[in-house]
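Right, one structure below, let's go through it.
Start at 1 and go down the list; that is how both ligands and their atoms are numbered. Hydrogens, waters and symmetry mates are skipped; everything else that's a heavy atom, side chains included, is used. Because the structure is predicted, anything quoted here is derived from the model rather than measured.
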Amino acid sequence: MAAYLNTYADRAKKQINPAARDLLEAVERKQSNLCVSVDVTSSKDFLSIIDAVGPYVSLIKTHIDIIEDFEPSLILRLQELSAKHDFLIFEDRKFADIGNTVALQYSSGVHKIATWSHITNAHPVPGPSIIKGLATVGLPLRRGLLLLAEMSTAGALARGAYTEDAVRMARDARDFVIGFIAQHRMEGVGLREGEKQDDAEDYLILTPGVGLDATGDGLGQQYRTPQEAVLSSGSDIIIVGRGIYGNPGNMNINEVQRQAERYREAGWNAYLQRLNRREE
Ligand code: 5BU
């Protein structure tokens, strides 16, 4: 049986990367495979959404560079909320440059991402050196990296041979690469000639492009339901943004909380169904 079909708790015990282990433990403790993506531009909205959805998530995803009134103290507030509500932090930075540059982008500048973000991600497009560069900064801090193996947008170029190469790059860096941003599972993908799938391989699949009410956003985004992502495609964590907070200019925080609860339940039920199906 593929390792990903085990419970989150069992899978946590087998992870060698501390961020992957911590994330799976949080998922199990909170009974939530929901990650809320907080794509708003004011610190106030950012913090109020996170405080509202905090009880229902195991992971908060940020794009810290879109905050217009960013100050280093925002990170302290974010860390306080992470401790209060028991979630991890994922900065969706999508690094894509040479090893030396990404190491600087990860460690330095105003955002100092590596100091607070448990998990970040990178495009495999530069080749294995991007992982090497990020690992020089992230590994000593016990961080984990996700590779973008696929994207949720219409016409994405990350497919076929590109996706296969991404998986091979991950297999060569098991201590740091904890999984993929993807729409499907990656077991059996990218095996080299004569190589057999390792049954113990257990990458985390984090899936954006999840929504219960819309099928797209008019700008290329494509939505699938939590059921489709978790049960049909084997995703481990669903990433939801606007499905939960709608239009930030016109936001009712009680409604945001209600939607987070709704998505948490949908994601968790799909996971329970996946476990049950395994026993059938
Ligand atoms: P949405 O509001 O649920 O559509 O937000 C989705 C988030 O996930 C947003 O922050 C994107 O940057 C991110 N995302 C995505 O939508 N699709 C992808 O393939 C990747 C990231 Br990679």
Exercise. In terms of atom number and element, which parts of ligand 1 are under 4.0 angstrom from non-hydrogen atoms of S37?
Worked result: 7 (C), 9 (C), 10 (O)
For this session: Pull out every atom of ligand 1 sitting under 4.0 Å from any heavy atom of K94, numbered as shown with elements.
Result: 12 (O), 20 (C), 21 (C), 22 (Br)
For this session: Kindly confirm or rule out an N or O of G241 lying under 3.5 angstrom from an N or O of ligand 1.
Result: yes
For this session: Taking the six-membered ring of Y4 (Phe, Tyr or Trp), confirm whether the NZ or CZ of R185 is under 6.0 Å from its centre and within 45° of its axis.
Result: yes
Exercise. Considering only protein heavy atoms, which is closest to atom 4 (O) of ligand 1, and at what distance to one decimal place?
Worked result: Y223 OH, 2.6 Å
Exercise. Would you say ligand 1 has an N or O under 3.5 Å from any N or O of H63?
Worked result: yes
Exercise. In ligand 1, which numbered atoms sit nearer than 4.0 Å to a non-hydrogen atom of R242?
Worked result: 1 (P), 2 (O), 3 (O), 4 (O)
Exercise. Who gets closest to atom 10 (O) of ligand 1 by heavy atom: V36, D39, T62?
Worked result: D39
Problem set entry | Among L148, V189, V167, the one residue meeting side-chain contact (heavy atoms from CB on, under 4.5 Å) with F180 | V167
Exercise. Tell me: protein heavy atom nearest atom 6 (C) of ligand 1, and distance?
Worked result: Q221 NE2, 3.7 Å
For this session: Just jot down the ligand 1 atoms closer than 4.0 angstrom to any heavy atom of I181, in number order.
Result: 22 (Br)
For this session: From atom 17 (N) of ligand 1, work out which of G209, A182, G211, S152 has a heavy atom at the shortest distance.
Result: S152
Seminar exercise, completed: the protein heavy atom lying closest to atom 22 (Br) of ligand 1 turns out to be L148 CD2, 2.9 Å
Exercise. Which of the atoms in ligand 1, numbered in the order shown and given with their element, are less than 4.0 Å from a heavy-atom of P208?
Worked result: 8 (O), 14 (N), 15 (C), 16 (O), 17 (N), 18 (C), 19 (O), 20 (C), 21 (C)
Exercise. Side chain, backbone, both or neither: which part of D92 has a heavy atom under 4.0 Å from ligand 1?
Worked result: side chain
For this session: Would you please indicate if the ring centroids of H85 and Y56 are separated by under 6.0 Å?
Result: no
Exercise. Quick check, are the ring centers of W268 and Y8 under 6.0 angstrom apart?
Worked result: yes
